[in-house]
Amino acid sequence: MLILTSGRACDRSCDRLRPILTTSATTIIGLLPLAFSEANWFPLCMAIIFGLMSSTLIAFLIVPGLYLQLTPNHKLQDS
């Protein structure tokens, strides 16, 4: 049975999708009322929200792409 490296990267990304998205979404939704309640909290909340959004995109786009670029393109064989 042949296992391709790109298939494993895609499978692992799909497995991590729901936990990362739900954690990021609940944090962002929870910070929105605080951000709009007082002007003092707005900059801090926006920094956290945009940091979460950018780290989520990096986790799903950049990391698997770098993994595919930096790992050898050999087919592994199961014996």
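The analysis underlying the following values was restricted to heavy atoms, covering all of them including side chains, and did not include hydrogens, waters or symmetry mates.
- Taking the side chain to side chain contact (heavy atoms under 4.5 Å, CB included) definition, one finds that Ile48 meets it with Leu31, Leu44, Leu52, sequence neighbours left out.
- A chain of hydrophobic side-chain contacts below 4.5 Å, direct or via other Ile, Leu, Val, Met, Phe, Trp or Tyr residues, connects Leu34 to Met53.
- In the hydrophobic clustering, where aliphatic and aromatic side chains (Ile, Leu, Val, Met, Phe, Trp, Tyr) are joined below 4.5 Å either directly or transitively, Leu57 groups with Leu61.
- With rounding to the nearest 0.5 angstrom, the CG atom of Leu32 is 6.0 Å from the CE atom of Met46.
- In the hydrophobic cluster analysis, where Ile, Leu, Val, Met, Phe, Trp and Tyr join through side-chain heavy atoms closer than 4.5 angstrom, Ile28 is grouped together with Phe36.
- Residues near Ile29 contribute nothing to a hydrophobic cluster around it, because no ILVMFWY side-chain heavy atom sits closer than 4.5 Å to its side chain.
- Using a 4.5 Å cut-off between side-chain heavy atoms of Ile, Leu, Val, Met, Phe, Trp and Tyr, with links allowed through other members, Ile49 and Phe42 fall into the same hydrophobic cluster.
- Annotation: side chain to side chain contact (heavy atoms under 4.5 Å, CB included) contacts of Glu38 (sequence neighbours excluded): Asn40, Trp41.
- Sorted by first and then second residue, the pairs that involve residues 47-60 and meet side chain to side chain donor-acceptor pair (under 3.5 Å), not counting sequence neighbours, are Ser24-Thr56.
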